Protein chains: 2
Amino acid sequence: MIKGNKITIHDISKALNIDSSTVSRALNNSPRVSLKTREKIQKKATELGYQRNSLASNLRTNRTNTIGVIIPRISRHFFATVIAGIEETAYEEGYNVVICQSLESLDREEKIMNSLASNRVDGILISTSMETSKFEHIKSYMDNNNPVVFIDRPSDAFPNCSSISIDNFKASYDATKLLIEKGRKNIAHFSGPQNIGLYKTRKEGYIKALQEHNIPVIERYIFESNLSEEDGIACAKKLLNHPDIDAIYSANDTAAISAIQYLKSQGVDIPNNIAVIGFNNDPISEVIEPSLTTINQPGFEMGKLSTEILIQQIRNKSENTKNESKVLVPELIIRKSSENS
Amino acid sequence: MIKGNKITIHDISKALNIDSSTVSRALNNSPRVSLKTREKIQKKATELGYQRNSLASNLRTNRTNTIGVIIPRISRHFFATVIAGIEETAYEEGYNVVICQSLESLDREEKIMNSLASNRVDGILISTSMETSKFEHIKSYMDNNNPVVFIDRPSDAFPNCSSISIDNFKASYDATKLLIEKGRKNIAHFSGPQNIGLYKTRKEGYIKALQEHNIPVIERYIFESNLSEEDGIACAKKLLNHPDIDAIYSANDTAAISAIQYLKSQGVDIPNNIAVIGFNNDPISEVIEPSLTTINQPGFEMGKLSTEILIQQIRNKSENTKNESKVLVPELIIRKSSENS
DNA sequence: TCCAAAAATACAATCGATTGTATTTTTGTT
DNA sequence: AACAAAAATACAATCGATTGTATTTTTGGA
């Protein structure tokens, strides 16, 4: 084989003196080609090292058999599990997956969306970035009759669009309630950006639990940030100005964990002085001491479900896509950081 | 705009009564089109919601501006940092990145390779799976004059192929030496599959350090496994049959961490009874108690470097690709698990 | 052996963009 | 005003595979 000389169906066609249309059909195992020639062609193809050019094929058929996935960051445990679910379902159904990370940047999210669209992926699964408050890029993609399913962060802007999410309100409510039942009275909340519905809902669940137990909601006990590692430390520092506080419910594990580490370094006894509950069930939450009570989201299942819905929408593109949203119930995992000793 | 009716350059061409070749040039900002018509065309394009069809474009130009990345698992911290480096460099240079995970399966690795090849990515960065002992898929891709750069796990099968790796021997040697200097005499080693060069080399570094310090190498102190969480526990269990052992050098953090947890649960004092050193600097290594002494690989830099080399090879495809391998030096991060109290 | 039906294969257009070459239009000079 | 050079645009082939239609070949029954 000559280096860099890509073999096409026309090369096979010439080599065997068979029309390229027949070669194409043979390589796709079409019954329109007799078994004898089919085998001859396939043999020659492997002999020449033929490799289908998907660009040409996809251009002609107007399908790529590829699903685009846009998520904030692949290294986050939750998203890694979501991806595992997506890939499993997609491969079962014969779809390829292209994973892209927005790194929580709207600009990158837009560029990725554009690139996926121009590469004609058959549909997109998206978990929007923290910065995403404009939705033009998603709207224009959907306007072009392209299927989209939101994961984890459904958007109010598209009430008719399918989404897979969890019941953040209930999870938050349950977590806060647990702290109350353990006798905590002054529970702080580490909250995320309020333009992300999910963080708003988590805050609401927290507030609701307090109210139902006749505990006053104190605004300065609610610390809003991006919930990064640094944010966790910063919030913990501020929190020490309020000696009443005896518990933290954090909207993610990252901030909860860095807060625990900072508080421990300042001589605070976790959980006796301050109990902590996080969100996400990151692997570290099990290893830190004390181990962190947290909320586990069924990422794998979310990935599977969202992919199933997307593929169904791809296949029934002609029919009107109906909203197929599902809300799953996350699980409160009780560990040491919330238990009185 | 009519739903699902994708706009092409021909639509713009008709709308303005300008030939499609001129439209194409205008959209690519070619100076061959007068500024006036260029602007007119671009305006019409956005007005109609035109979106370039990359399939067609890439088919014609025979370039995709895309780099394929095959790694065992995106959720591993080391690979996540590698990807960050890859993406940064790639985007700077105007390349897209397609990330695929082999999940340590040769079968998947082959399928991915095939898919990337048929989608005509411009080059591939690969860190082979644990199962990869046949290299036909890589060879046939390279034989077709496609650039490949190995990351982290260079292959003996391709001595002339560029690769970015670290000095596993030195890192291992240094880690073992540290334990010896701390007075440890009976140092166990958790090793990985020996068909992966990197685990073999790590073992050799360990052996060399022992020998240079006149410490006998005891075969049953070397535990070979896949270094998973379960393997770490299993090895720790076996290790308790040898009460002499006073230190572990593990070829990865995962096994080291689960071993520490198991040993602690059995009442073993870490590091006083048994000191531990891991490999990879996983985030958990900093949080576990005692914090884990480990070796940090410069993943981000490895990603950047490998991408630079790959892009250079893509651009100079005509010239003979010369081996551009680099070996970086990892850093020993000393924490509590190796320090005598 | 002949012929219609069925099977197998060939022809030719197409997907959407790019690009070398040809043609038309504009510009500037005398 | 005439004309050559330069600028702008149009024409047409091409990338590689797919697919509807047309043509050729094979098959089997009378």
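The model shown is predicted, which means the values in this text are computed figures rather than measured ones. Order of the sequence lines fixes the chain letters, A, B, ..., with proteins taken first and strands second; residue numbering starts at 1 for each chain.
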Within residues 27-36 of chain A: residues closer than 4.0 Å to DNA chain C (heavy atoms): R32(A), V33(A), S34(A)

Between C1' of dT19(D) and CG of N62(A), the distance in whole Å: 14 Å

Nearest-nucleotide comparison on DNA chain D, the residue closer to the 5′ end among T61(B) and I18(B): I18(B)

Pairing residues for F300(B) by the ring-ring contact (aromatic ring centres under 6.0 Å, His included) criterion, not counting sequence neighbours: none

Side-chain donor-acceptor pair present, S34(A), T37(A), cut-off under 3.5 Å: yes

Residue R25(A), side-chain atoms from C-beta onward, closest of dA17(C), dC11(D), dA10(C): dA10(C)

Any donor-acceptor N or O pair under 3.5 Å, side chains S162(B), S325(B): no

Distance-only polar pair, side chains of N119(A) and R52(B), donor-acceptor under 3.5 Å: no

Per H10(A) side chain, nearest of listed nucleotides dC11(D), dA17(D), dA10(C): dA17(D)

Sugar-phosphate only, base, or nothing, as touched by S57(A) at under 4.0 Å among non-hydrogen atoms: sugar-phosphate

Atom-pair distance (CG on L16(A); P on dA8(C)), nearest Å: 18 Å

Whole angstrom value for the distance that separates P of dA17(D) from CG of N53(A): 6 Å

Separation of dT9(C) P from E39(A) CD (nearest whole Å): 12 Å

Separation of atom CZ in R120(B) from atom P in dG16(D), rounded to whole Å: 8 Å

Sugar-phosphate only, base, or nothing, as touched by D11(B) at under 4.0 Å among non-hydrogen atoms: nothing

Nearest-angstrom distance from the residue atom CG of D19(B) to P of dT19(C): 15 Å

Euclidean distance, atom CG of residue N119(B) to atom P of dG16(D) [Å, nearest integer]: 15 Å

S24(B) side-chain N/O to dG16(C) phosphate OP1/OP2 under 4.0 Å: no

Considering all heavy atoms, the nearest A90(A)-V97(A) contact: CB-CG2, 3.4 Å

Exam field: side chain N146(B) to backbone M142(B), donor-acceptor pair closer than 3.5 Å: no

Residue whose nearest DNA chain D nucleotide is more 5′ - L59(B) or S21(B): S21(B)

Nearest-Å distance for atom pair CD/P, residues Q51(B) and dA17(C): 10 Å

Listed partners of F150(B) passing ring-ring contact (aromatic ring centres under 6.0 Å, His included), at least two apart: F158(B)

Sugar-phosphate only, base, or nothing, as touched by T37(A) at under 4.0 Å among non-hydrogen atoms: sugar-phosphate

Mate of dA22(D) where both pairing distances stay under 3.5 Å, Watson-Crick or G-U: dT9(C)

